[in-house]
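The residues of the chain are indexed from 1 along the displayed sequence.
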Amino acid sequence: LWNVYSFFVTYANIDGWEPGLGNEVAYSELDRWILARLNQVVARVTKCLHNYDAYGATLIIEPLLDDLTNWYVRRSRRRFWKSEHDADKDAAYATLYDVLLTLSKLLAPFVPFVSETIYQNLAPAVDKEGSESVHHCEWPEADEGAIDQDLLDRMALAMQIAALGRSARSTSNVKLRQPLARTRVFAGNRAVDLGNLDELVTEELNVKALEFVEQEADLVEYEIGLLPNVLGPKHGRRFPLLRRAVSKQDAGTLARRFQAGLSVTVDLDDDGPAVELSPEEIEVRTHGREGYAVAEEKGVVVAVDVTLTPALALEGLARDLVRRVQTMRKDAGFQLDDRIVTYYDAGDELKVVVEAWGDYIRAETLSQELVPGPVPSDVDHQESLTLGEHLLTLGVKKA
């Protein structure tokens, strides 16, 4: 909570933003979602406290703080970072301000000193009608009209896809900064129309496209494992015949029946009776198809295409370069809004990266110039490093 508050105050001060200034706010879907979550939580916490259930109230607030920090702020950072002060940035400031101010009142009974500090710093000093303390304020009331359940459901799916996609990427040894071509999703019986929210997912997973498929088998291959500790004692010498008979059948068809809670009858091609297998006697294993990293949870399967093209590899190097320059800015002690000149001494391949992605690198690092050649001695900070397999010397200097 304090990190979010500090983030807000830092950038609001840089931009000179104050509450109540400007025209009517044009909220994005991401803004409307966090406000819907806030009002949903206010309603539930109020109900808990009316029933003297303070512990239950904290269990409702904690997931909201996680949503605020790990999704809303995470997916809004570029809106605060960008140079231009437009309506979208104003909407982000207004939304985060409203959420923090309301949270200070909602959390006052639980964390009285932190909530008081946040309230005193955020409540407008010019508001003569305002309370002197957060503990003198009226309890917040939920705006039921702001609780858009369709938006909440779509965002919940988007967040689940993003979490599974990150998990899938982590198993592939392809770092998140490396752009990839696409993510494919099987969402089971859930609605798959994310609307504009698909852009949040592609940005979070650093992929170019998000696709939904109708069949889980489009993403995974199945393997049916028989549980020997259950079926061995039950069928004795016929168990090897059972394993062989199951291996000859289509694993995908069997998996769908077992996942639906249905049994399967198997003929062992001997003189004995057919065997009925129940879902409790087997294990369905899934493996991503070649070229994909896969993660699955609660009926949702996410497959990330980890095939790396030369163009994607080039973009990945550009993103690595941005991260290195940003780290050097911090090491040099620059302010967040300081403009700089970046010097680079690199081989031909990295020069191609800078030429192809120069605008992106300049925008992300607040570099007014990207200067090739030997790094001069009067820079504020200089480092020699390896980017991928390429040697590089970087220098940064305040413009």
Side-chain angles (χ1 to χ4, degrees), residues 3-19 21-22 28 30 72-97 121 175-179 203 206 314-388 390-399:
N3 286 341
V4 175
Y5 164 73
S6 298
F7 175 89
F8 170 79
V9 169
T10 298
Y11 284 95
N13 285 335
I14 287 174
D15 284 329
W17 184 89
E18 294 183 13
L21 298 179
S28 69
L30 188 61
Y72 179 77
V73 172
R74 182 183 178 88
R75 295 281 21 107
S76 295
R77 283 181 298 188
R78 288 185 179 277
R79 303 167 71 193
F80 296 99
W81 288 346
K82 61 186 177 183
S83 301
E84 63 273 19
H85 196 136
D86 55 11
D88 181 56
K89 179 182 273 195
D90 279 336
Y93 277 128
T95 300
L96 192 49
Y97 174 82
N121 289 340
K175 52 192 174 185
L176 193 57
R177 285 189 304 277
Q178 173 60 58
E203 289 178 355
N206 197 9
L314 203 67
E315 185 178 350
L317 287 173
R319 294 185 179 234
D320 265 344
L321 180 58
V322 164
R323 183 183 68 87
R324 297 301 181 96
V325 175
Q326 289 172 335
T327 300
M328 291 177 64
R329 285 181 58 101
K330 185 181 299 184
D331 293 340
F334 295 155
Q335 298 299 311
L336 292 172
D337 56 343
D338 282 342
R339 265 49 180 178
I340 66 171
V341 176
T342 298
Y343 299 88
Y344 66 97
D345 189 7
D348 291 340
E349 186 159 350
L350 285 183
K351 286 182 179 178
V352 171
V353 172
V354 177
E355 290 169 2
W357 291 91
D359 290 343
Y360 165 75
I361 296 169
R362 280 189 288 270
E364 292 293 310
T365 61
L366 296 184
S367 296
Q368 292 184 348
E369 295 181 76
L370 299 173
V371 183
V375 177
S377 59
D378 62 343
V379 294
D380 294 307
H381 190 70
Q382 176 177 328
E383 286 186 15
S384 294
L385 46 93
T386 301
L387 209 61
H390 312 286
L391 295 177
L392 171 69
T393 299
L394 286 172
V396 293
K397 183 178 180 180
K398 188 181 295 187

Beyond-backbone contact of [X] with [Y], side-chain heavy atoms, under 4.5 angstrom:
X	Y	result
L392	Y344	yes
L385	R324	yes
V354	K351	no
L394	Y343	no
W357	R319	no
K398	V341	no
I14	Q335	no
K89	K82	yes

For a quick test of reading the model, state the closest non-hydrogen atom pair linking [X] to [Y] and the distance between them.
X	Y	value
L366	L336	CD1-O, 3.3 Å
V379	V375	CG1-CG1, 3.9 Å
S384	T393	OG-OG1, 3.2 Å
L317	L387	O-CD2, 3.7 Å
V396	A332	CG2-CB, 4.4 Å

Could you tell me whether the side chain of [X] and the main chain of [Y] form a donor-acceptor pair under 3.5 Å?
X	Y	result
R362	L370	no
N206	R177	yes
D338	F334	no
R75	V73	no
R79	D88	yes

(message) If you count every heavy atom of other residues, nucleotides or ligands that lies below 6.0 Å from E349 atom CD, does the total exceed 12?
(response) no

(message) Around atom CG of D348, are there more than 12 heavy atoms from other residues, nucleotides or ligands closer than 6.0 Å?
(response) no

(request) Test salt bridge (charged side-chain N to carboxylate O under 4.0 Å, His left out) on E364 and R78 and set out the steps. (result) CA-CA 9 Å; E364 292 293 310; R78 288 185 179 277; 2.4 Å; yes

(message) Ring centres under 6.0 Å, that's the criterion: do Y97 and W17 meet it?
(response) yes

(message) Is the distance between the ring centroids of F80 and F8 under 6.0 Å?
(response) no

